Amino acid sequence: MSQETLQDFIGAWIGKMSEIVQTVTGSGPIKYLINWSRMYALWPVHITTACCSAEFGAMMGPRLDPERFGMQAVAGGLRQCDLLIVEGTVTKKMAKRLKIVYEQMAKPRYVIAMGDCACSGGLFHDSYSIVNDVHKLFPVDVYVPGCPPRPEALLSAIVKLREKIRREEVFA
Amino acid sequence: MFLGEMYEGIKHIFKRTFTMKYPYQKLLLPKGFRGRHLLYMDKCTGCGICAWICPERCISMVPVTNDKEYPQNPEKRFPQYWYARCCFCHFCTDYCPTGALDYTPDYELAEYDRDLLLWSPERLSRPTTHIGEYQSVIHDNQGVTYEPVPKTK
Amino acid sequence: MTANPPTPTIASNEAKEPSTMDVSVGPQHPGSGHVRLLMRVDGDYIVSIDPDIGYVHRGCEKIAEYRNYVSNIPHLERPCIIDAIHLNWAYVLPVEELQGVIVPPRGQYISTIAAEMNRIMSHLYWLAINAGVFSGHTTIFMWAFGDRDLFIELAEWLTGARLTYSFLPPGGPRRDFPSGFEQKLAKLLDYFEKRLVEYDRMFLSNPLVVARAKGIGVLKKKDAIKLGVTGPVLRGSGVEYDVRKVEPYGAYADLEFQIPTFKEGDSYSRYLVRFEEMKQSISIIRQALNKMPKGPIARKAPLVAPEGEAIGRVESSRGEITVMVIGDNSDKPYRVKIMNGSFRNLIALPYLIRNVHVADMPIIYGSLDYWPVEADR
Amino acid sequence: MSQKSTSREETIIEKAKSRFPEYIKETKIDNNRRVTISFDKDHVQEIAKWMRDDIGFDHLKGIAGVDYPTHKKLEVLYLAGSFSKPEIQDIIVTLKAELPKDAPTISSVVSIWESAHFHEREAFEMFGINFEGHPDLRKLLTLDNWDGPPPMLKDIKFPEMGQR
């Protein structure tokens with residue numbers, strides 16, 4: 001069996017297997033189980049883009065304690081994180097690094113645009129060094145208005161994101 | 001070597017937990033909390049001072065197409081807020097000559113889609129839906145706890 | 001011990017010796033915040049450091065020329081959001097000087113009390129993040145943020161917002177004290193004073209913290225003056241300089257308080273300065289609460305500022321904020337120049353973090369209380 | 001204004017005038033504790049060294065660039081203050097120098113006031129003022145490959161900024 005036919009055979013075999021896996025996880029309890037496990041382990045990336053990080057820190061504090069939702073405070077490595085919270089204004093200089101951080105995160109990854117500046121450029125919408133729409137860099141799941149939004153508002157956004165994950169397709 | 005610090009830490013085991021169970025316990029916010037705006041459409045004259053003073057120019061005066069009549073606002077132009085850009089400084093509420101704008105303790109405005117953050121005048125005039133009935137109480141040696149606000153107040 | 005360091009040698013244009021390696025403590029880092037510190041490392045020793053700032057540069061000064069005097073306040077106080085009222089006050093002082101507006105005494109007292117509350121919150125934020133999380137002391141992070149939330153609740157009751165108060169437009173504060181505010185504030189100050197004793201036992205006299213901070217990052221008095229650093233960094237090196245005493249503004253002229261200064265100039269003495277300042281703030285608030293005069297709190301300020309140039313300054317928790325406003329007889333300022341504490345302390349970073357262990361970098365960086373958003377403006 | 005404090009500012013101006021009669025252009029005392037001295041731009045180092053050694057203004061609070069397109073000139077302001085001398089701690093001296101708009105260059109004062117290191121880098125980037133003799137004059141705040149013009153100049157307009 002020559003090299004090409006071996007690769008074709010393995011390719012076809014893998015294709016068939018992935019269909020089986022998708023049909024199995026696509027319906028019923030397994031999909032719910034996978035989504036439930038994703039919902040309860042949202043580890044945020046430790047990158048602060050601007051001044052909303054003060055309120056992100058306040059949310060990580062003892063009063064709201066997001067570890068009840070499975071959000072570990074400092075996750076360190078990017079591979080382990082699956083939630084990128086864009087905290088505040090994204091300048092052009094930071095946008096370059098933010099894009100790299102987003103690409104390094106493992107799928108499935110979710111993005112919350114926290115604060116006006118991440119949603120639409122907010123107070124500094126007419127500045128020369130700002131990226132106004134963050135959704136041009138990567139798809140954003142939840143927008144949180146407020147400058148800065150209250151820690152409870154951010155936690156309500158995370159509860160909203162969990163709703164979205166629960167109803168999501170496993171291999172979206 | 002660390003007995004002082006460990007004793008300090010162990011003492012805290014017997015204090016009450018500081019965490020507020022957020023979705024089930026929400027703080028009762030003071031009356032003047034700068035949350036979402038509340039528009040009284042019968043007082044607004046459509047003068048546009050709020051749009052002028054807004055630091056981000058996020059208020060736009062839009063005509064309202066409903067059958068109600070507003071004697072004080074013939075062209076029926078009311079402020080429309082784009083909450084993706086509003087910084088909640090509430091200069092508009094302070095500078096409004098007729099007092100048509102007010103504070104509400106609403107802060108849960110997160111949306112999946114950014115266009116839903118464009119609040120039309122009718123949506124702004126809906127009363128607040130926020131139910132917060134807990135307050136933080138400081139006990140000298142027990143730390144801080146959260147108790148429901150007594151209804152009598 | 002660090003030898004007598006010459007002028008700060010910046011890593012980027014130095015010839016690289018074979019044994020050194022560039023480590024970028026970049027914007028994505030648990031311990032650096034929104035700044036990238038390009039560290040040149042030789043084994044476990046840091047040869048030199050080149051701060052690459054500007055990740056949160058939003059051009060506040062350019063935008064300030066396109067907004068009128070009142071709607072400049074929200075975006076001019078965002079740079080140091082943890083200590084928002086001081087930047088707001090520093091911007092408003094020269095504007096009021098240009099317009100010739102005098103804030104009535106009760107308004108001065110309200111601004112002073114709100115500023116001192118904000119100083120305590122800002123020092124608690126430093127204690128939690130810069131001193132706590134950067135050195136891995138998570139207990140003090142949880143304690144300090146817990147108590148900071150109590151102060152934030154009071155500020156929210158007074159001004160309506162948690163951090164971004166926009167509380168002092170030209171002419172005076174926007175609101176008076178709500179009823180019952182003074183009693184709750186006095187109760188919180190008593191509770192917080194007892195907590196400071198617990199902080200002292202858990203953090204300051206903790207042998208681990210002392211071992212990591214004492215004798216690290218020594219900035220002698222002569223160097224501190226030469227580098228022009230400001231705030232607790234300056235007072236930690238023995239220079240007794242505080243704008244509240246040098247040029248009293250608000251109600252500081254008739255309140256008695258000391259300026260805590262320590263001679264050693266190492267990271268530990270900067271910790272002590274901030275702890276003492278929290279105690280001083282508590283006594284300032286108590287004195288101001290007793291001496292509150294009655295009367296109006298604000299005066300109507302015109303929208304236009306005449307031709308001219310004015311410089312106002314304020315002592316924020318990170319140091320002296322100097323703001324220069326040039327008016328040109330219109331409702332928009334012609335030029336606003338902000339010189340705040342973090343940007344002036346930036347030069348101490350490459351100066352101190354040199355010939356030290358890599359593990360000392362977060363301690364020195366944390367003791368400078370460098371808030372990158374404020375430095376980039 | 002008490003008599004004692006005006007004399008402090010006037011003594012500084014007298015000393016400056018007597019020391020550099022031909023370089024000092026015009027001096028101004030604002031209402032309190034602010035002295036403005038504008039001088040010829042080629043002698044910035046001498047004046048700075050004299051300010052630091054004889055008078056005692058030992059550190060720089062900041063360097064502000066101000067652009068006047070109508071008068072075709074670019075002003076650079078050095079705001080100096082004093083830590084070591086308590087009697088003049090509350091005075092801020094503004095040394096003002098005028099630069100031509102097309103090629104704004106001035107010699108650097110980093111050798112005199114160490115604290116001017118990052119202020120000069122920021123003024124270089126924001127206004128395009130070239131400080132000769134600065135040890136490491138690089139861009140500080142905007143994106144590394146921002147090849148745009150210095151953003152703070154008045155004639156650099158940004159479309160979404162609206163009218164001035």
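Within every chain, numbering begins at 1; the chains are lettered A, B, ... in the order of the sequence lines, protein sequences first and strands thereafter. Remember, predicted model here, so these are calculated numbers, not experimental data. Quick note: numbers below take in every heavy atom, side chains included, and nothing from hydrogens, waters or symmetry partners.
What you find for Lys160(A) and Tyr112(B) is that their closest heavy atoms are O-OH, 2.6 Å. Nearest heavy atom pair, residue Pro23(B) against residue Arg68(A), reads CD-NH1, 4.1 Å. The minimum heavy-atom distance linking Arg57(B) with His125(A) is given by the pair NH1-NE2, 4.0 Å. Annotation for Ser120(A) and Ala84(B): closest pair OG-O, 2.7 Å, computed over non-hydrogen atoms. Residues Pro55(B) and Leu123(A) come closest through the heavy atom pair CB-CD2, 4.2 Å. Nearest heavy atom pair, residue Leu64(A) against residue Tyr22(B), reads CD2-CB, 3.9 Å.
The contact between Arg63(A) and chain B is made by backbone and side chain atoms together, counting heavy-atom distances below 4.5 Å. At a 4.5 Å heavy-atom cutoff, the contact between Lys21(B) and chain A is made by backbone and side-chain atoms alike. Proximity to chain A (any heavy atom under 4.5 Å) is shown, for Leu116(B), by neither the backbone nor the side chain. Heavy atoms closer than 4.5 Å to chain A are found in both the backbone and the side chain of Leu109(B). Contacts of Phe88(B) with chain A are made by side-chain atoms alone, with heavy-atom separations under 4.5 Å and no backbone atom involved. Using a 4.5 Å cut-off between heavy atoms, Ser136(B) touches chain A through its side chain atoms alone.
Atoms CG and OH, on Leu154(A) and Tyr107(B) in that order, are 12.0 Å from each other to the nearest 0.5 Å. Rounding to the nearest 0.5 angstrom, the gap separating the OH atom in Tyr83(B) from the SG atom in Cys147(A) is 14.0 Å. Taken from OH in Tyr143(A) to CZ in Arg114(B), the straight-line distance is 6.0 Å, to the nearest 0.5 Å. Here the NE2-CD distance, from His130(B) to Glu152(A), works out to 8.0 Å after rounding to the nearest 0.5 Å.
Contact annotation: the side chain of Arg150(A) approaches that of Leu27(B) to within less than 4.5 Å [non-hydrogen atoms, C-beta and beyond]. Side-chain contact check for Glu56(B) versus Asp116(A): every heavy-atom pair is 4.5 Å or farther apart.
The neighbour count for Ile131(B) CD1, taken as heavy atoms of other residues, nucleotides or ligands under 6.0 Å away, does not exceed 12.
Per-residue heavy-atom pair counts under 4.5 Å with chain B were compared for Asp141(A), Val144(A), Val140(A), Leu161(A), and the maximum is reached by Asp141(A).
Proximity of a side-chain donor or acceptor of Ser156(A) to a complementary backbone N or O of Glu108(B) within less than 3.5 Å is not detected.
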